[in-house]
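Reviewing the structure listed below.
Order of the sequence lines fixes the chain letters, A, B, ..., with proteins taken first and strands second; residue numbering starts at 1 for each chain.
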Number of protein chains: 2
Amino acid sequence: MQLDERKYLILQAIIDDYIMTAMPVGSRTISRKSGVGFSPATIRNEMSDLEELGYLAQPHTSAGRVPSNKAYRLYVDHLLKAAKLTSDERERMHEHLVDKSRRVEGVIRSAADVLSDATKYTSVIVAPKLGTLRIKHVQLVPVSEKTALIIIVTNAGIVKDAVIRVPGGLSADELYSISRMLTEKLAEKPLEAVRQEFAELLRNNAENRRLLGEALQVIEKKLESEDQADVIIGGSANLLGYPEYADVNKARNFLAVLESKDTIRRVLSRDGSMEVTIRIGPENQVPALNDCSIVTASYRVGDRSNGTLGIIGPTRMNYNRVISVLDFMGRALSDVLSEYK
Amino acid sequence: MQLDERKYLILQAIIDDYIMTAMPVGSRTISRKSGVGFSPATIRNEMSDLEELGYLAQPHTSAGRVPSNKAYRLYVDHLLKAAKLTSDERERMHEHLVDKSRRVEGVIRSAADVLSDATKYTSVIVAPKLGTLRIKHVQLVPVSEKTALIIIVTNAGIVKDAVIRVPGGLSADELYSISRMLTEKLAEKPLEAVRQEFAELLRNNAENRRLLGEALQVIEKKLESEDQADVIIGGSANLLGYPEYADVNKARNFLAVLESKDTIRRVLSRDGSMEVTIRIGPENQVPALNDCSIVTASYRVGDRSNGTLGIIGPTRMNYNRVISVLDFMGRALSDVLSEYK
DNA sequence: GTTAGCACTCATCACCCTCGAGTGCTAACG
DNA sequence: CGTTAGCACTCGAGGGTGATGAGTGCTAAC
């Protein structure tokens, strides 16, 4: 059996309706809908076919039909007609993004808020992967007799810091000249080159071996391990408004997943194309999110590094809306952040 | 009518039981309890008195009794016997705190996790108020032709950064000497003094007026406005496990409050004594949290600045446990963070 | 002052019934 | 032959009922 024009039309009508109402859709409902000029009986026959093909499911006999994941896949691949945001909306979103604190993290934070606000789902943004970043500046700042703060600034304007021990008796000036040397040696180099440079530095700087060793360790750790703080989530309470999460247990599970940012990052950073990508239900590989869909896009900071922004919601998601919002915000975020660079 | 010894005993038994079960407590239950050697009938008379005095309430006739906020107040003020944490527990908590990233924010983050883990409620930590902090170091780092990152390190090891514009043609060295001058002038000064110094600087440095003006603006803003990111929340999903939040709407409201960090900070930063303070229900002045209790303690970073750590849970909270955990963690956090100083 | 006994209250739960939405099938229609 | 009307059937939701049991308040006896 093949899908003909009419089956597409009916399937689309069912999905559209289900996305709006979250209630199983009956033949009468579709029949009444403008654009589908058939009687309920005819629709029923078609629905029966669609069920056999795996696009629809019945919660129980005598309930309406509900779209399957397969149906959603077909929907987003073929049936979706791109929705435009009104210029009014675009403007409002952009505004919110710009007038916030001039710190990179602040911009990302408010981007998450804008996203969850505009879609009413939960938004997630992963900061740019540091692996693709370059070091711009390294600075040691004394904080006590025996400790100093090491501050690493990357080309995306992201700042990492950590406390390291320093041998006693090092003056602020000496720390500065070490900072300066480090900056000089490491700036604009990717991580592998940083390692090499360091090996060399360690060889040639016997007197500061300990300090440099510790500094390298920190830099490596900071650049490799992506920090928990680098996943930013907005509107975590939004999903509780949907009937899918009327059950408190489901809600709790969902929130628990959000708190383990490792999982989130793993799911989000699957690929880095600028295109909007959609993962429906089990496609996202995380059992706990099997009845969620995840829609992601990317944003660029400067020329090389990029991060991911996404929306998590029930599979019964307003894909149309979400896609256009993400598409727009991906570009907007890239623009705003690249100005800083 | 006055509260005699026996009424105290019974009230305490009721509250203890209710805290554990969340079910209205009947006279039989209390009678059976070891330590109270009276028959249900006697207990009933006492309970009736306690109800008249406003310490107990009945959800409906023929249900057991439930403690009122007034009862909780009495409970925490007079009836609570300090519980000790096992040394095993203390050790485990301390360990979690220490082995984490050496960044200040990282420590606070994991402290929040430890808190919510140990209590099964929602934990909140407010970073030290910057108003009481001193500047330790100021650094300008060029990020592009016309912009630079200004990094402010405080004596608590907290780092603030922002992007500012710089006049074209300023070399890295010039930026460094400006940094150096700023550090020299501003270090160890409280905010008011910073303003004065700046006025002077602006007078004497006509050529860099624009840059300095912008820098001052940023420093003032960062030191005054307390950033959204400075409120850290752990275990937001924990409360969903309690019957008080079986209703999804209540859960959503609660989570919405957590997301508006302004509210949280307002509630938490009421006072700064090192003592554990408890606010029950309406005492916390936030209508949305009227059936929550908030228990807070303080921690010190270095000598002057301090932050607040707290637990938010239902008024039916295990105060005993929460108080001892907070007390311990307040000290532990102070220790760990002050080492950095 | 304390307690046993008893009538009374009220939430909860299982059960049953009805109602209505929706289906599948069949037969009639164009 | 595709489409549609008609009809019996299914099943969940919602509402009413009665039994159950936890708990109370009162009274009288200890």
**Request:** Carefully, step by step, assess D262(A) and R266(A) under the rule salt bridge (Lys or Arg N to Asp or Glu O under 4.0 Å).
**Result:** CA-CA 6 Å; D262(A) 281 343; R266(A) 216 178 57 236; over 6 Å; no

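- In this structure, T42(A) reaches the dT4(D) phosphate: one of its side-chain N or O atoms is under 4.0 Å from OP1 or OP2.
- For the side chain to side chain donor-acceptor pair (under 3.5 Å) test, no residue two or more places apart in sequence or in another chain qualifies with E91(B).
- The nearest whole Å value for the distance from the CZ atom in F38(A) to the P atom in dG2(D) is 13 Å.
- By the side chain to side chain donor-acceptor pair (under 3.5 Å) test, T122(B) pairs with no residue at all, sequence neighbours left out.
- Between the CE atom of M23(A) and the C1' atom of dA21(C) there is a distance of 10 Å, rounded to whole Å.
- Of all heavy-atom pairs between N69(A) and I280(A), the closest is OD1-CG2, 3.8 Å.
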Quiz: residues 237-248 of chain B side-chain donor-acceptor pairs under 3.5 angstrom, not counting sequence neighbours:
{"unit_1": "N238(B)", "atom_1": "ND2", "unit_2": "S116(B)", "atom_2": "O", "d": "3.1"}
{"unit_1": "N238(B)", "atom_1": "ND2", "unit_2": "Y121(B)", "atom_2": "O", "d": "3.0"}
{"unit_1": "Y242(B)", "atom_1": "OH", "unit_2": "K120(B)", "atom_2": "O", "d": "2.9"}
{"unit_1": "E244(B)", "atom_1": "OE1", "unit_2": "R316(B)", "atom_2": "NH2", "d": "3.1"}
{"unit_1": "E244(B)", "atom_1": "OE2", "unit_2": "R316(B)", "atom_2": "NE", "d": "2.6"}
{"unit_1": "D247(B)", "atom_1": "OD1", "unit_2": "N249(B)", "atom_2": "N", "d": "3.2"}

Listing time: all N or O pairs from protein to nucleotides 27-30 of chain C that are below 3.5 Å?
none

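- Here the P atom of nucleotide dT2(C) and the CD1 atom of I30(B) are 17 Å apart, to the nearest Å.
- With rounding to whole Å, H60(B) atom NE2 is found 14 Å from dC8(C) atom C1'.
- A297(B) and L326(B) get closest at one heavy-atom pair: CB-O, 4.2 Å.
- With sequence neighbours excluded, the residues that form a side chain to side chain donor-acceptor pair (under 3.5 Å) with S293(A) are Y319(A).
- Partners of R92(A) according to the salt bridge (Lys or Arg N to Asp or Glu O under 4.0 Å) rule, which considers only residues two or more places apart in sequence or in another chain, are D88(A).
- Per the geometry, OH belonging to Y18(A) stands 16 Å off C1' belonging to dG22(C), to the nearest Å.
- Of all heavy-atom pairs between L115(B) and M329(B), the closest is CD2-CG, 3.8 Å.
- Of the residues in residues 241-248 of chain A, not one places a heavy atom less than 4.0 Å from an atom of DNA chain D.
- Closest non-hydrogen pair, V257(A) versus A288(A), comes out as CG2-CB, 3.5 Å.
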**Asked** Which letter, B, S or -, goes with each nucleotide of nucleotides 23-30 of chain D from 5' to 3', with contact meaning a protein heavy atom under 4.0 Å?
**Response** BBBB----

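- In the helix from dG1(C)-dC30(D) to dG30(C)-dC1(D), the end axes, each obtained as the rotation axis mapping the C1' atoms of four pairs onto the next four within a five-pair block, lie 20° apart to the nearest 10 degrees.
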Pairwise N/O distances under 3.5 Å, protein to nucleotides 16-20 of chain D:
none

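- Looking at every heavy atom in both residues, S62(B) comes nearest to Q58(B) through N-NE2, 3.8 Å.
- Of all non-hydrogen atoms in Q12(A) and L79(A), the two that sit nearest each other are NE2-O, 3.1 Å.
- Using a 4.5 Å heavy-atom threshold, the side chains of L74(B) and L3(B) count as touching.
- Residues forming a side chain to side chain contact (heavy atoms under 4.5 Å, CB included) with A71(B) (at least two apart in sequence, or on another chain): L11(B), I15(B), Y55(B), P67(B), S68(B).
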**Request:** Please step through side chain to side chain contact (heavy atoms under 4.5 Å, CB included) for the pair M23(A) and D17(A), ending with a clear verdict.
**Result:** CA-CA 8 Å; M23(A) 304 281 287; D17(A) 191 90; over 6 Å; no

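- Among pairs with a residue in residues 56-65 of chain A, those fulfilling salt bridge (Lys or Arg N to Asp or Glu O under 4.0 Å) read E51(A)-R65(A), at least two apart in sequence or across chains.
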